[in-house]
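Just so it is clear: chains get the letters A, B, ... in the order the sequence lines come, proteins before strands, and each one is counted from 1.
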4 protein chains.
Amino acid sequence: MRHFIIDCDTAEDDIMSLFMLIKNGVSVEGVTIVEGNISYEQEINNALWALEFIGKEIPVFPGSDRPIVKEFRSVPEVHGKGGIGDEIVKPSKLKPQSKKAVDAIVEISDRYPGELEFLAISPLTNLALAYLKDKSIVDKIKKVWVMGGTAWGRGNITPVAEYNIWVDPDAAKIVFNAGFDITMVPWDVIINYPINDKEWEEIKKINTKMAQFYIKIYTHYRQYSMEKEKIGGTPHPDLITTSVALNKNVIAKSEKQTVDIENCDCLTRGMTVIDFLGLWGKKPNVEVVYEINKKEFYSMLTDLLNWF
Amino acid sequence: MRHFIIDCDTAEDDIMSLFMLIKNGVSVEGVTIVEGNISYEQEINNALWALEFIGKEIPVFPGSDRPIVKEFRSVPEVHGKGGIGDEIVKPSKLKPQSKKAVDAIVEISDRYPGELEFLAISPLTNLALAYLKDKSIVDKIKKVWVMGGTAWGRGNITPVAEYNIWVDPDAAKIVFNAGFDITMVPWDVIINYPINDKEWEEIKKINTKMAQFYIKIYTHYRQYSMEKEKIGGTPHPDLITTSVALNKNVIAKSEKQTVDIENCDCLTRGMTVIDFLGLWGKKPNVEVVYEINKKEFYSMLTDLLNWF
Amino acid sequence: MRHFIIDCDTAEDDIMSLFMLIKNGVSVEGVTIVEGNISYEQEINNALWALEFIGKEIPVFPGSDRPIVKEFRSVPEVHGKGGIGDEIVKPSKLKPQSKKAVDAIVEISDRYPGELEFLAISPLTNLALAYLKDKSIVDKIKKVWVMGGTAWGRGNITPVAEYNIWVDPDAAKIVFNAGFDITMVPWDVIINYPINDKEWEEIKKINTKMAQFYIKIYTHYRQYSMEKEKIGGTPHPDLITTSVALNKNVIAKSEKQTVDIENCDCLTRGMTVIDFLGLWGKKPNVEVVYEINKKEFYSMLTDLLNWF
Amino acid sequence: MRHFIIDCDTAEDDIMSLFMLIKNGVSVEGVTIVEGNISYEQEINNALWALEFIGKEIPVFPGSDRPIVKEFRSVPEVHGKGGIGDEIVKPSKLKPQSKKAVDAIVEISDRYPGELEFLAISPLTNLALAYLKDKSIVDKIKKVWVMGGTAWGRGNITPVAEYNIWVDPDAAKIVFNAGFDITMVPWDVIINYPINDKEWEEIKKINTKMAQFYIKIYTHYRQYSMEKEKIGGTPHPDLITTSVALNKNVIAKSEKQTVDIENCDCLTRGMTVIDFLGLWGKKPNVEVVYEINKKEFYSMLTDLLNWF
């Protein structure tokens, strides 16, 4: 059985990623929460509320509510104030752990050394801080899956930077240079595989409780992405990354390359720089995903939506 | 008749660009020399030597031999120590002007207000300094054609920066923000249109004096580009830009966008940042060329090689 | 009784600071170790070895062995490879704790809320990481005493930066902006109060075990400071800061000011910028010590040297 | 006879500096105008108006109206909108030259090679651009006198940066690294030698046309400096630098040191970094003035005020 920590700045796509892990029989050892998409408190509430929806008691560990050094901004305009649209939900019973994410990551790494996988669909602050506390997690965490960065310099929060990396480029720099086994799914790759109108309508017809839930929580994000970012449907950065983590066949093309992070406070803050020419003479540190097998992903998505 | 200044860091592709202008009936009012590919003295000598080869007395104006603020390096490994391979040539009679490029640019702008075109196949130091001396050249220079930058963050001197812009990112920032009417032909666009083996052999068969000259001065650059940069033939950054300037049909696809330059001393120094999302809310300032009509370019090249 | 954590990159002056705390009846709850002066392992060993010398079992918590984001270098040329000269010492029995400094700082803060004082005579990485893990320590730690920075832009590791701040300017920026009650003793203040030749000879005559120990461990540092840094004796950055923490009368002049840290990777990296003009309109966050009562300090030092 | 160019962002202290040069028998070959204190147009007008006041026809050359790369702001709150208070004056007859400052500097250097002195009481844009146009001016200009920078990191426009250097730190970096023979008079030195209340009253009693003029144009600046900057009188940054250039005895203490400029866009932008420890291993490039002989300066000032 595979053991995961999932690190969330909990909006709609984080929630479905969590569900996809569970649906696919992975043991989710913890959900760690980090600054990002919306208000920090709501991110925690969303995670607990989502767990109540599927009736699972997985520990939710609050982590960092700010980048290590820099300033950032959340993006309620993208995901709605509630992260699942403008509605503000609350868990009815579940509570977050008092243990901090940084400690949870270290402890869970100790519990499953060489087995634990870390799914980062969020800024990398929590993982960076855990690493700074205990460098031995590099050897204990088998795999780090990162939704973030760009392959071709086409960002979302700035022209060249993707949001997750931009929020805390220092954390990203720490993580990318720490020696983890990283697979990175870039923003300007995943936007080529949105859920288009035809698929959206197909999903509506599934009509399970889960499919209704999906339609409801993605409506705001879908609209924003299509209107403001001119994407041809709902993008699924987190969920595609999750499906990549679960199923190698979702990757149609990838390359092991050397990647570093621009962490200056400048025009290009938060850019992922890929040394595709080998100019730095450094060992490749990241498997960069360049193409997705859309069919495979879509099949995993509909499988999830047919759960219940 | 069109009036041009051509700004060179004179290697093989600069020379053929100069020839292409003349062959196409353009009035070249001056060649300005700037720091870049090889030793500054040799850049001047190459320009004069090339003019002697075609028997034209066009004034060559020495300009800046260094970036405005930053440090740079020349790239003799790419073009050979002599810029046309390792051979070091000298003009037999022609001499450079004593007038400085910065003054020549201002004066020629005054001579052909609203008509002059500036072909920058080189770092932008000279044009930036001319602008800083006399801002009115913005209105007098009809068009600035720039070989430089990247469209997709695929550089040559660093992973994300193209050489010409990298050498003097401050100059580029000045020029790109000055209000000139700029068309930019990016490095990661032109490398899709190299002169491949078949074409190279065809050119050999042309066997004019010009074709022999071409084969001779490009051999080093061709070899370097194919072996070290894994390009499928000889790239023609300067010459494609020149053909774009001469003939609109060479452009297969372009877009008017807002472009700024990363001029920090950091990982991404010299990157051209294209605000493809319109996040900055600034008026588009650059026509970015995304696709080239290879046939049209190749036809202009062979036309040139058949000159004499 | 006052409760302290002392944060050390353990060289000679850190050791005497630890002794001074204990001699003056303070309860030292822990020694936390951080990257800095010499090899990290030796810094731990020095702390344990020093505790054995005075026969005290105070827990030593290993912390960060590197700055949060940036690169740094240790300075064995200043303190000797062993930090007390070139001799490499080892504790005979004592061992470091397995608990990490970041956790120890949070736990001890919880144990003595509103009472704990943090004496940072070292880069600020440990305190910054503890704060990033648990922001509530800002209210629990009564006082942070910092040896570091400059008052007049006269540094030691660069022309304008003092070593402790330079090593981890990001950590310093985090700590200085967190809201702690900070008193800062700058390098270019303390170098005005070295132990001069006359005092050095007086100390030799004290001839206690402690005075002999002092002479032995400071000889390398004294020589380096006088020869290479042209200081008129042995500087005591850490020990003066410790005496300031213990005894208000050691401060002859100080001012509450707004201080921020230059954390760019540039000429001025690690500089403490004091907004002495109030240009930023921010609330003063640091008591900056400008003058020392040398007599008071010297009396505390000789008192310590007469301990046993 | 000594030959000078005086470079001005013409406010009250620039005007008196120009007068002091002339009064002391120096041949002022040109006044070059640069962006700085107030609106560029008014700076030109002030220079011409001042020349009309003393009846001298010295050519005024317009130069750069902006820093080379960065953004800046003028400081009418300091000098008044008119630079001599809020009154806006105009020359009645004199006109600026059409020749640009950058060309004038090069030509006058050619006219007096090895003799020309450049008095920069202003941002260094014009001199930097002249140098970038023609590097040979380094050998032709005998001496560059700079009012600018700080000796102890006590600035005026930011906590650590003095206005002239801050406005165009890139220009300053170019000039300071070009090889000129530079004497620099720092802001945090000259503010120790203001014209105090007693002297101000003495000057009022002189009651010449010039003394009345002095009182009138300095009233705004005096008030601002005393109220807002807590200086004990009227500071004379430009005029003290001018007196230093004219009379070595005005310098009470100076040191030849290596100075570089922080030109990043960061907290410390525009700081003059003095390598007082020799850490960079570079040849000293600047004579830094640390103390002024106030009596000598005051005597030169009153001598000027008694002119007519």
Quick check on D/Lys253: does its NZ atom have over 12 non-hydrogen neighbours (other residues, nucleotides or ligands) under 6.0 Å away? no

Counting heavy atoms not belonging to D/Lys81, are there more than 12 under 6.0 Å from its NZ? no

Proximal to chain D - members of residues 183-196 of chain C, heavy-atom separation under 4.5 Å: none

In residues 258-277 of chain C, which residues are in contact with chain D at a heavy-atom separation under 4.5 Å? C/Asp260, C/Ile261, C/Glu262, C/Cys264, C/Cys266, C/Leu267, C/Thr268, C/Met271, C/Val273, C/Ile274, C/Asp275, C/Phe276, C/Leu277

Are there over 12 heavy-atom neighbours, none belonging to D/Lys295, within less than 6.0 Å of that residue's NZ? no

Does C/Glu77, at its CD atom, have more than 12 non-hydrogen atoms belonging to other residues, nucleotides or ligands within less than 6.0 Å? yes

Checking heavy-atom separations under 4.5 Å from chain D, one finds in residues 156-169 of chain C C/Asn156, C/Ile157, C/Thr158, C/Pro159, C/Val160

Counting a contact as any heavy-atom pair under 4.5 Å apart, which residues of residues 217-242 of chain C contact chain D? none

